[in-house]
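Remarks on the structure that follows.
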Amino acid sequence: MPAVMADPLTLPRLPRLPEETTGWRRVAKVVTAQRHLEGEGFQVRRPFPSVDLSLADPFLLLDQMGEVEYAPGEAKGTPWHPHRGFETVTYMIDGTFAHQDTTGGGGVITDGATQWMTAGAGIQHIEQPPPELVTKGGLFHGVQLWVNLPRAQKWVKPRYQDIEARDVKLLAAEDGASLVRVIAGSVAGYQGPGSTYTPITYLHATIAPGAQLTLPWPREFNAMAYSLSGRGTAGVEEVAVGDGQLAVFGGSHHKGETDGLVLRAAESQPLASKNGWEVLILGGLPIREPIARYGPFVMNTREEIVQAFEDFQAGRMGTIPAERVPHLSTADESLA
């Protein structure tokens with residue numbers, strides 16, 4: 001169950017969308033996430049970039065980490081590695097993860113918090129479970145999203161945002177049955193805390209069993225809904241979406257007042273989703289620029305990728321800080 005929960009009846013409510021004048025987005029395709037091993041060997045489910053990138057633009061990658069209950073000694077992370085040309089957004093739904101980068105940014109995120117790292121011109125970072133999670137084991141469930149940067153911002157100075165769980169804007173569905181967490185962007189005029197270079201909206205919804213969630217959506221944005229846990233339907237045509245599947249909405253051809261997304265949770269949910277269908281809802285303004293990507297670098301041309309490798313090898317993406325050695329006490333020194 002997500003760490004950040006609230007009574008929807010106490011929260012601001014999303015507006016009722018008029019049936020006749022709303023351009024309801026229809027589902028263009030449903031993609032099932034593939035399993036991959038990342039970092040030091042932890043498993044992720046990745047719904048894209050397996051889809052056509054033009055449908056995901058401005059997003060590059062989405063990885064669901066867990067949900068898993070680690071035994072002692074099982075938790076794994078990533079070693080130090082570089083990035084250039086985009087942003088990494090790590091959202092911890094449950095559990096704890098630690099981030100450190102070569103600009104001095106970082107810290108521990110836990111239970112509903114988000115780390116937003118703009119790699120920009122170049123940075124190195126490391127993501128690891130904290131020692132207590134490695135030692136004792138425990139629940140771990142998070143999501144990492146890669147957001148592309150347009151050509152004009154690929155060389156911006158790296159920056160880091162630490163978004164605490166308490167910073168996230170909480171909203172209720174129009175009927176008061178479901179909870180929506182706004183991490184970045186805005187919905188119905190309610191603004192999330194994440195500061196973005198590329199205009200996007202990034203939401204996490206818990207849709208009560210049998211309930212419907214409708215969201216006003218910018219006409220110029222694309223739209224996707226990823227099922228973290230549970231099942232339901234997407235679109236007015238009620239396309240089935242199950243655990244680990246991504247619904248990609250098509251563009252709007254309606255000339256009404258606004259566009260809208262509709263998601264409905266199944267009446268019967270798995271035990272792990274007894275509180276409702278857990279869904280990430282995301283979209284943004286497509287950048288529509290050439291993409292050259294190789295490993296940790298995402299640029300516009302092959303020449304820029306070659307330059308990124310050269311800059312990394314020449315040490316122009318920051319210096320990994322020296323490892324701190326614990327100080328020995330006098331008693332320890334006497335035993336040496």
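- Using a 4.5 Å heavy-atom cutoff, the side chains of Y226 and R45 are in contact.
- Each of I287 and L55 belongs to its own hydrophobic cluster when Ile, Leu, Val, Met, Phe, Trp and Tyr are linked at side-chain heavy-atom distances under 4.5 angstrom.
- No side-chain donor-acceptor contact under 3.5 Å links Q124 and T102.
- Aromatic ring pairs are classed by plane angle as parallel below 30°, tilted from 30° to 60° and perpendicular above 60°; the pair Y160 and H99 is parallel.
- I200 and L62 fall within a single hydrophobic cluster, where Ile, Leu, Val, Met, Phe, Trp and Tyr are joined by side-chain heavy atoms under 4.5 Å apart, directly or via other members.
- Side-chain atoms of Q191 come within 3.5 Å of backbone N or O of G185 as a donor-acceptor pair.
- Taking the side chain as every heavy atom from C-beta outward, L280 and V143 approach each other to under 4.5 Å.
- In this structure a side-chain-to-backbone donor-acceptor pair under 3.5 Å is missing from D94 to H141.
- For R159 and T103, the side-chain atoms include no donor-acceptor pair closer than 3.5 Å.
- Once rounded to the nearest 0.5 Å, the distance linking CZ of F86 with CH2 of W146 reads 4.0 Å.
- In the hydrophobic cluster analysis, where Ile, Leu, Val, Met, Phe, Trp and Tyr join through side-chain heavy atoms closer than 4.5 angstrom, L171 is grouped apart from I183.
- By the 30° and 60° cut-offs, the orientation of the rings of F309 relative to F297 is perpendicular.
- T90 and Q144 share a side-chain donor-acceptor pair at under 3.5 Å.
- Here the side chain of S273 pairs no donor or acceptor atom with the backbone of Q269 at under 3.5 angstrom.
- Side-chain contact check for T22 versus D259: every heavy-atom pair is 4.5 Å or farther apart.
- A donor-acceptor distance shorter than 3.5 angstrom exists from the side chain of H81 to the backbone of P79, with no hydrogens or angles considered.
- Exactly one of T301, N148, N300, D57 qualifies for a side chain to side chain contact (heavy atoms under 4.5 Å, CB included) with I291. That residue is N148.
- Distance check, rounded to the nearest 0.5 Å: CD of Q115 to OH of Y91 gives 13.5 Å.
- When every heavy atom of P129 is checked against every heavy atom of V134, the shortest pair comes out as CG-CG2, 3.8 Å.
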query = When you look at L228 and I93, which way does the side chain to side chain contact (heavy atoms under 4.5 Å, CB included) test go after all the steps?
reply = CA-CA 10 Å; L228 293 164; I93 299 168; 3.7 Å; yes
request  = Start with the C-alpha gap between L213 and L14, add the side-chain angles, then the distance that decides, and say whether side chain to side chain contact (heavy atoms under 4.5 Å, CB included) holds.
outcome  = CA-CA 9 Å; L213 172 65; L14 293 165; 4.0 Å; yes
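- When the side chains of ILVMFWY residues are joined at heavy-atom separations under 4.5 Å, either directly or via intervening members, L11 and Y190 end up in two distinct hydrophobic clusters.
- Between the side chain of E237 and the backbone N or O of V27, at least one donor-acceptor pair lies under 3.5 Å.
- Within a 6.0 Å radius of CZ in R26, other residues, nucleotides and ligands contribute 12 heavy atoms or fewer.
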ask   = Passes side chain to side chain contact (heavy atoms under 4.5 Å, CB included), L263 versus I281? Steps please.
value = CA-CA 10 Å; L263 298 160; I281 305 159; 3.6 Å; yes
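- Separating the CD atom in Q161 from the OG atom in S195 is a distance of 5.0 Å, to the nearest 0.5 Å.
- L246 and L261 are members of different hydrophobic clusters when ILVMFWY side chains are connected at heavy-atom separations under 4.5 Å.
- Between M299 and the choices R293, E304, R151, the side chain to side chain contact (heavy atoms under 4.5 Å, CB included) rule is met once, by E304.
- A distance of 10.5 Å separates CD in Q64 from CD in E278, rounded to the nearest 0.5 Å.
- Residues P216 and V187 form a side-chain contact, since some pair of their non-hydrogen atoms from C-beta on lies under 4.5 Å apart.
- Q128 places a side-chain heavy atom less than 4.5 Å from the side chain of I126.
- Donor-acceptor pairing under 3.5 Å is lacking for the side chains of H36 and Q43.
- The backbone N or O of A308 lies less than 3.5 Å from no partner atom in the side chain of D311, so there is not a single donor-acceptor pair.
- Side chains of S227 and W277: a donor-acceptor N/O pair is present below 3.5 angstrom, by distance only.
- The OG1 atom of T118 sits 6.5 Å away from the CG atom of L149 when rounded to the nearest 0.5 Å.
- Side chain of Q245 to backbone of G242: a donor-acceptor contact under 3.5 angstrom is found.
- Pairing each heavy atom of W155 with each of A121, the nearest pair is O-CB, 3.7 Å.
- Listed here is the closest heavy atom pair of P158 and G122: CG-O, 3.3 Å.
- Counting all heavy atoms, side chain and backbone alike, S178 lies closest to P8 at O-CB, 3.8 Å.
- At distances below 3.5 Å, at least one donor-acceptor pair connects side-chain atoms of T196 with backbone N or O atoms of T198.
- R46 and Q34 share no side-chain donor-acceptor pair at under 3.5 Å.
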message = Is there a side chain to side chain contact (heavy atoms under 4.5 Å, CB included) between V248 and V30? Walk through the geometry before answering.
response = CA-CA 6 Å; V248 182; V30 174; over 6 Å; no
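- Between F312 and R84 there is no side-chain heavy-atom pair separated by less than 4.5 Å.
- When all heavy atoms are compared, the tightest approach of R25 to G250 is CD-O, 3.1 Å.
- In this structure a side-chain-to-backbone donor-acceptor pair under 3.5 Å is present from T78 to E127.
- Here the shortest heavy-atom pairing between A265 and P209 reads CB-CA, 4.2 Å.
- A salt bridge links E174 with R16: the distance from a Lys NZ or Arg NE/NH1/NH2 to an Asp or Glu carboxylate oxygen falls below 4.0 Å.
- Considering only heavy atoms from C-beta on, P199 comes within 4.5 Å of F221 through its side chain.
- In this structure, OG1 on T135 lies 8.5 Å from CG on L133, to the nearest 0.5 angstrom.
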ask   = Taking it one step at a time, do W116 and E87 satisfy side chain to side chain donor-acceptor pair (under 3.5 Å)?
value = CA-CA 7 Å; W116 198 300; E87 302 180 285; 3.1 Å; yes
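- At a threshold of 4.5 Å between non-hydrogen side-chain atoms, the residues L145 and Y202 count as touching.
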